Amino acid sequence: MIATNASAQAPIGRASRQWALHAAVNAASALQGLLPLIALLLLWQVLGDPRSPYFPPPSAWAAALIERTSSGELLPAVLMTFQSVAMALVVATALGVGIGGLIGASPRLARCLGPTLEFLRTLPPPTIVPVAALIVGVNDTMKLFVIVFAALWPVLLNTTSGVRSLHPTLLEAARSLQLGPLARITKIFLPALLPSILTGVRVAAPLAIIVSLLAEMLTLMPGLGALLLTAQRNFNAAEVFGLLTVVGAFGFVLNAALAAFESWALKPQGRS
Amino acid sequence: MTTQSSFECEQLCIDLPGAPGVRRIIENLDLEVGKGEFVSILGGSGTGKTTLLRALAGLTPYSGGRAAYEGRDVRSPVPGMAMVFQDYGHALLMWRTARRNVALGVEGRLGGDELDRKVQNAIRMVGLERFQDEYPWRLSGGMQQRVQIARALAMEPNALLMDEPFGALDAMTKASLQDQLLAVQAETGATVLFVTHDIEEAIYLSDTIIMLKGSPARIARRITVDLPRPRDQIATKELPEYLRLRHQLYEAFRHEIHA
Ligand SMILES: Nc1ncnc2c1ncn2[C@@H]1O[C@H](COP(=O)(O)OP(=O)(O)OP(=O)(O)O)[C@@H](O)[C@H]1O
Ligand SMILES: [Mg+2]
């Protein structure tokens with residue numbers, strides 16, 4: 001890479017400010033989109049019966065959540081689930097890009113692995129949990145495995161189709177410029193595939209959350225899912241609703257962060 | 001084989017897959033290009049000019065005969081050769097600025113000031129100094145093509161293979177880039193294989209013009225251009241020899257069109 005000179009710095013600084021502004025406007029409009037939900041919750045609060053055992057109003061949820069927070073359970077659970085989801089997404093992306101890239105590049109490999117992968121892909125991730133728990137045991141490795149198993153496919157399939165739709169001239173240009181295999185991967189393939197990969201990750205993220213919560217519920221390993229199930233077993237409706245809100249916010253924030261990253265990463269390609 | 005030859009084809013045959021099966025695009029083509037020679041390849045659309053150039057660049061496998069560069073068979077891209085693709089929109093990296101696109105072929109082996117100097121030099125040769133920090137998708141077609149040409153020039157190639165490089169340019173830019181190309185070639189002594197549709201461009205630039213014709217394509221004519229160098233957009237094009245060649249080539253093309 002060439003060192004940027006001073007004259008080039010100014011427009012880059014301006015561009016990043018513009019981008020920050022753009023992101024802020026995006027966030028504001030996303031929050032605007034949440035207005036109906038907020039209105040519904042307010043209505044519930046005003047009209048709801050504070051003593052109802054099944055439909056407690058949002059203020060009761062908040063109280064339950066505050067109680068869980070002060071008892072030191074909520075925050076570690078959120079962090080635990082976040083850690084599982086984030087780690088699984090990283091592993092699924094690495095594996096998906098690697099395997100998907102190879103399959104996209106080699107029709108032979110696609111023929112060899114295609115049916116097996118197709119079979120594995122159609123297995124519902126919840127059914128994997130008992131099997132993985134039997135084989136690996138109830139631990140973090142098992143949890144990571146089942147989440148990766150669910151989150152892998154969107155990344156893998158998107159990468160494969162991304163490789164197949166690369167323009168031949170781009171690959172020939174790389175060949176004729178005498179780029180080695182490593183340079184071809186880092187300078188041509190990965191940047192060219194970035195839009196496909198990121199689309200895959202955004203599809204994979206909600207799947208990772210679902211399976212992470214599910215694994216926590218099925219095994220009662222620490223996390224939001226376990227809290228949720230415990231609250232339900234204690235007939236604590238306010239806490240169940242409160243945790244549900246936390247789960248919703250969790251997914252919302254994760255998706256917004258991924259969207260912001262995508263628009264930042266694809267900016268040079270003129271595709272954000 | 002003489003040490004003076006840069007490219008050599010003997011009985012070269014190229015087959016490409018087509019709808020009805022394999023189709024022969026080029027048949028028994030003999031060609032010799034001397035070191036430092038400027039050779040233009042002329043021919044109608046779809047005759048196989050790009051195919052021939054790609055075979056010489058090591059990008060398209062050939063099915064018979066031989067294609068060699070500096071005495072060695074070409075089977076894959078060879079160091080010292082640079083290719084400018086007809087399809088500039090897909091040959092550039094859209095996520096890199098013009099300058100970093102130009103650096104792509106040399107950044108692997110050069111660094112620091114030397115890399116900077118080579119890249120700047122190449123950008124200056126195509127007149128893109130003001131746009132070097134733009135992304136290609138913000139440049140016009142002609143400017144994108146100039147980025148691609150600069151990328152090839154930055155590699156300081158011994159042989160430059162160009163596939164209708166000036167096809168997308170306006171007349172003024174085209175004339176100025178033609179002169180730049182001639183100056184670069186005179187300075188570096190590079191061999192140039194230049195595919196074009198434009199008869200006058202071929203005469204103005206070349207030492208030798210090859211006309212491809214037929215399906216499968218063969219060399220229909222080989223014309224030596226005996227015009228003095230350095231060439232000049234006005235003076236050269238008023239020389240009787242220039243006018244004679246122009247007449248001869250248009251005449252030949254008319255026959256091809258009506259054949
Ligand atoms: N990738 C390919 N696969 C199969 N056939 C091809 C391929 N590319 C070109 N051809 C065929 O080869 C023939 C020659 O094509 P080529 O691109 O070499 O022509 P050209 O002389 O460069 O034409 P133009 O001036 O329009 O660029 C055409 O008939 C085309 O159908
Ligand atoms: Mg062509």
Side-chain angles (χ1 to χ4, degrees), chain A residues 1-16 18-19 97 107 162-199 261-272, chain B residues 50 53-54 56-60 76-97 99-120 123 130 132-139 148 151-152 154-155 157 161 163:
Chain A
M1 203 197 295
I2 315 161
T4 31
N5 56 33
S7 70
Q9 225 98 62
I12 288 170
R14 186 158 22 120
S16 75
Q18 266 172 12
W19 181 83
V97 169
V163 171
R164 288 187 181 146
S165 60
L166 286 179
H167 201 279
T169 303
L170 183 66
L171 307 180
E172 286 177 349
R175 275 180 71 202
S176 87
L177 288 167
Q178 308 277 327
L179 298 187
L182 187 67
R184 258 186 255 179
I185 290 174
T186 57
K187 293 176 181 175
I188 309 283
F189 279 94
L190 287 181
L193 293 175
L194 195 61
S196 313
I197 296 171
L198 290 180
T199 306
F261 176 76
E262 184 173 350
S263 97
W264 170 79
L266 297 189
K267 211 178 128 40
Q269 312 203 9
R271 293 166 84 163
S272 64
Chain B
T50 297
L53 203 67
R54 288 166 45 88
L56 289 170
L59 293 171
T60 296
S76 60
V78 179
M81 240 195 247
M83 173 100 174
V84 174
F85 293 87
Q86 185 171 7
D87 181 9
Y88 51 80
H90 289 110
L92 294 176
L93 312 187
M94 291 298 148
W95 53 89
R96 281 187 172 217
T97 59
R99 186 175 44 163
R100 298 198 55 231
N101 263 288
V102 173
L104 184 63
V106 281
E107 65 189 6
R109 52 190 161 85
L110 298 178
D113 287 348
E114 199 182 359
L115 174 64
D116 242 348
R117 198 171 44 74
K118 290 233 161 95
V119 169
Q120 288 304 328
I123 288 174
R130 279 178 48 226
Q132 53 176 311
D133 291 311
E134 276 304 353
Y135 289 100
W137 46 273
R138 288 218 186 98
L139 298 176
Q148 210 203 157
R151 182 170 77 184
M155 297 181 77
L161 310 185
D163 195 355

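Not measured: the values here are computed from a predicted model. Each chain gets a letter, A, B and so on, in the order its sequence line appears, and its residues count up from 1.
In this structure, the side chains of B/L93 and A/L170 come closer than 4.5 Å at one or more pairs of heavy atoms.
Expressed to the nearest 0.5 Å, how far NE2 of B/H90 lies from CG of A/L171 amounts to 11.0 Å. Rounding to the nearest 0.5 Å places CG of A/L266 at 14.5 Å from CE of B/M94. For the atom pair CG (B/L104) and CD1 (A/I188), the distance works out to 5.0 Å, reported to the nearest 0.5 Å.
No other option in A/S176, A/G180, A/A183 has as many heavy-atom pairs under 4.5 Å with chain B as A/S176.
A pairwise comparison of heavy atoms in B/A91 and A/A173 identifies O-CB, 3.8 Å as the closest pair.
Here the side chain of A/R175 pairs no donor or acceptor atom with the backbone of B/S76 at under 3.5 angstrom. Put simply, the side chain of B/W137 gets close to the backbone of A/P268: a donor and an acceptor are under 3.5 Å apart. Judged by distance alone, with hydrogens and angles left aside, the side-chain atoms of A/Q178 form no donor-acceptor pair with the main-chain N or O of B/G105 at under 3.5 Å.
At most 12 non-hydrogen atoms from other residues, nucleotides or ligands lie less than 6.0 angstrom from CZ of B/R130.
Residue B/L161 does not touch chain A at all, counting heavy-atom pairs closer than 4.5 Å. For B/V106, no part lies near chain A; criterion is any non-hydrogen pair under 4.5 Å.
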Worksheet item: Under the side chain to side chain contact (heavy atoms under 4.5 Å, CB included) criterion, do A/E172 and B/R54 qualify, and how do the steps go?
Response: CA-CA 10 Å; A/E172 286 177 349; B/R54 288 166 45 88; 2.5 Å; yes
